[in-house]
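In what follows, a single structure is set out as structure tokens and then discussed.
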Amino acid sequence: MPRAILAGLVGASLAVSGAAFQGLFFNPLVDSGMLGVSSGAGFGAALAILLFNRSSIYIYIFALFFGAVAVLLSYIIGRTYNTTPTIMLVLGGTVVSSIFSSLISLTKYVADPYEKLPAITFWLLGSFASVSRQDLIVGLPPMTIGILGLILIRWRINVLSMGDREAHTLGINSNLNKLIAIGFATLATAGAVCVSGTIGWIGLIIPHIGRMIAGNDNKKLIPISCILGASFLIIIDNIARTLTSGEIPIGILTSMLGGPFFIYLLKRTKGGSW
Amino acid sequence: MDDLAVQVKNASFSYGKKQVFHDISFNVKKGEVFCIIGPNGCGKTTLLDCILGLLKINTGEILVGKVNIKKTKPQELAERVAYVPQTHERRFPYKVEDIVLMGRASKTKIFSSPNSEDKEIAKKAMEKVGILELADSPYTQISGGQCQLVMIARALAQESEIIIMDEPTAHLDFKNELILLETVVNLVRENNITVIMATHFPNHAYYFETNNIPTTLALMNNGVLEKIGNPGEVLNENNIRQIYSINSKLIDYNLGKRFIKQIVPLSIVKDA
């Protein structure tokens, strides 16, 4: 049971943050890991596995901490003249992500190849195989707060997607609003990554499936993404458990099954109004 | 003083060391169209950005109504001043109605979204500029001219007394330009809106004047307002030669019901 709840929450977190980031950066190609939270958290977990052992509580702490550090770094890099131009944030996020990716590689390189390296690799693939009550306790608060926050602020994301100039003249403090939305998205994604590892694809594709079904108004898109993300990951997790006798890491399955499903939808809806 | 919508007093602005404009002063009266014309790069857009609060002037002050905008929050300023951009980049296929509803952002709290009253206001705004039948269309699939009308409807939904337009006809064809100008005349006449408009077409000022709209024209060049007054005072052959180095001819013609006035460029002034 905790496993199904967690899978649903993780799916919802990644999907909602992805949808929010796409609106925030007015770029349909970004996902929930945009500002480096996934690679930051991945590095944190890898480092914790390297320094301690594979089921240590430090994995959560390190993953959450480095995920937050990565986003903060991206934000500081993107900040110029007291404003945060979107293109600078995207660049900052890309740079920070690649730094943390190489740090992950470095951690793997120095890890003991018989014990630690497989643990790191397996963790990075993403899985719910080893979830426990502890995961629920650690992951529940940040994910719930993040998801609820983004759902509450969802209409503002519409306005922010008009770009800084227009958002400002429409009467909202775009820097502050952006910071709040990024904060919620980071909480949700970091919470998700620290219980399940990096599960790709959801944060990019689920919002697009949502756009095909409900349109681009974030007022509808964010809740729809939340439901779709949760159901999608619960279903995939069930498949991951039952498909073979040994469990397939879910991070592999999301793209393997999600890809064809997405193509099917694209053909069915002719891409909505894109 | 009560009839002034905007007062700009000795305003100067520079990007780092590069001065864009300096010691600019002018008043915009309520219910008039205030046109700013001038060559490319003369600082028109920067000046508008300062009135919109997007940029902060280095010296001088800008009053909107009686309030100095220096310490005004975006929300308070948006209740007084709305903006129609030169080009709007359409990134997501939002419905036209969704875009117009965004004009209600300044009146909507951070964790809520527009209510039925807001939707009614948005509907009226779309009706006013004649795009109500587009309400459910994705705004990525309408023409550039229609999109500009959507921007005006959004500004109207904001319910501010002043609308700032930055070269609103820059990308429009012959007919759409006229539709936009007629819409502006309509807004000033019926909704008592004050319009501040940067434009590259001097004749827009004559268009408003001959439609009996109170019109003031400012001629901007090299970061200062060189001339300011009613269109007839500013837009004469002499000034056009000075600012644009163009020989021109002012033509007026009585159509019976209506008077038209245009300044027509003839040739470029050769260095003497």
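Values in this document were obtained by computation on a predicted structure and should not be read as measured data. What you see below is based on every heavy atom in this structure, not just the backbone, and it leaves out hydrogens, waters and symmetry mates. Residue numbers begin at 1 in each chain, while the letters A, B, ... track the order of the sequences.
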Trace of the side-chain contact (heavy atoms from CB on, under 4.5 Å) decision for A:R211 with B:F92: CA-CA 10 Å; A:R211 288 176 202 283; B:F92 291 101; 3.4 Å; yes
Working for side-chain contact (heavy atoms from CB on, under 4.5 Å), residues B:I110 and A:I180: CA-CA 10 Å; B:I110 181 162; A:I180 295 172; 3.9 Å; yes
Pairs meeting criterion salt bridge (Lys or Arg N to Asp or Glu O under 4.0 Å) with involvement of residues 106-121 of chain B, two or more places apart: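 Those involving residues 106-121 of chain B are B:R104-B:D118.
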Pairwise salt bridge (Lys or Arg N to Asp or Glu O under 4.0 Å) hits with a residue in residues 215-227 of chain A, at least two apart: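 Every candidate salt bridge (Lys or Arg N to Asp or Glu O under 4.0 Å) pair involving residues 215-227 of chain A fails, so no pair, neighbours aside, qualifies.
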Minimum-distance pair of heavy atoms, taken over all atoms of [X] and [Y]:
X	Y	result
A:G171	B:A78	CA-CB, 3.2 Å
A:W155	B:L101	CZ2-O, 3.6 Å
B:R91	A:S161	NH1-O, 3.6 Å
A:R156	B:A105	NH2-O, 3.9 Å
A:T169	B:Y83	OG1-CD2, 3.5 Å

Atom CZ of A:F65 with >12 non-hydrogen neighbours under 6.0 angstrom: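 Atom CZ in A:F65 is not packed in, count stays at 12 or less.
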Student check: side-chain heavy atoms of A:I172 and B:Q75 closer than 4.5 Å: no
Validation row: A:R165, B:P85 side chains within 4.5 angstrom (heavy atoms):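 Not in contact.
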Part of residues 144-161 of chain B lying next to chain A, heavy-atom separation under 4.5 Å: B:M151, B:R154, B:Q158
Close contacts, residues 46-58 of chain B versus chain A, judged by heavy atoms under 4.5 Å: B:D49, B:L52, B:G53, B:L54
Heavy-atom pair count under 4.5 Å with chain A, highest-scoring of B:V81, B:I99, B:T108: B:T108
Spatial distance of atom OG (B:S113) from atom CG (A:N218) [nearest 0.5 Å]: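 Rounded to the nearest 0.5 Å, the OG-CG separation comes to 11.0 Å.
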Straight-line distance of A:M162 CE to B:Y94 OH, nearest 0.5 Å: 5.0 Å
Part of A:N27 within contact of chain B (heavy atom distance under 4.5 Å): backbone
Toward chain B, the part of A:I151 with a non-hydrogen atom under 4.5 Å: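 Contact with chain B: none, neither part.
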Full working for side-chain contact (heavy atoms from CB on, under 4.5 Å) between A:F26 and B:E89: CA-CA 10 Å; A:F26 26 86; B:E89 203 181 319; over 6 Å; no
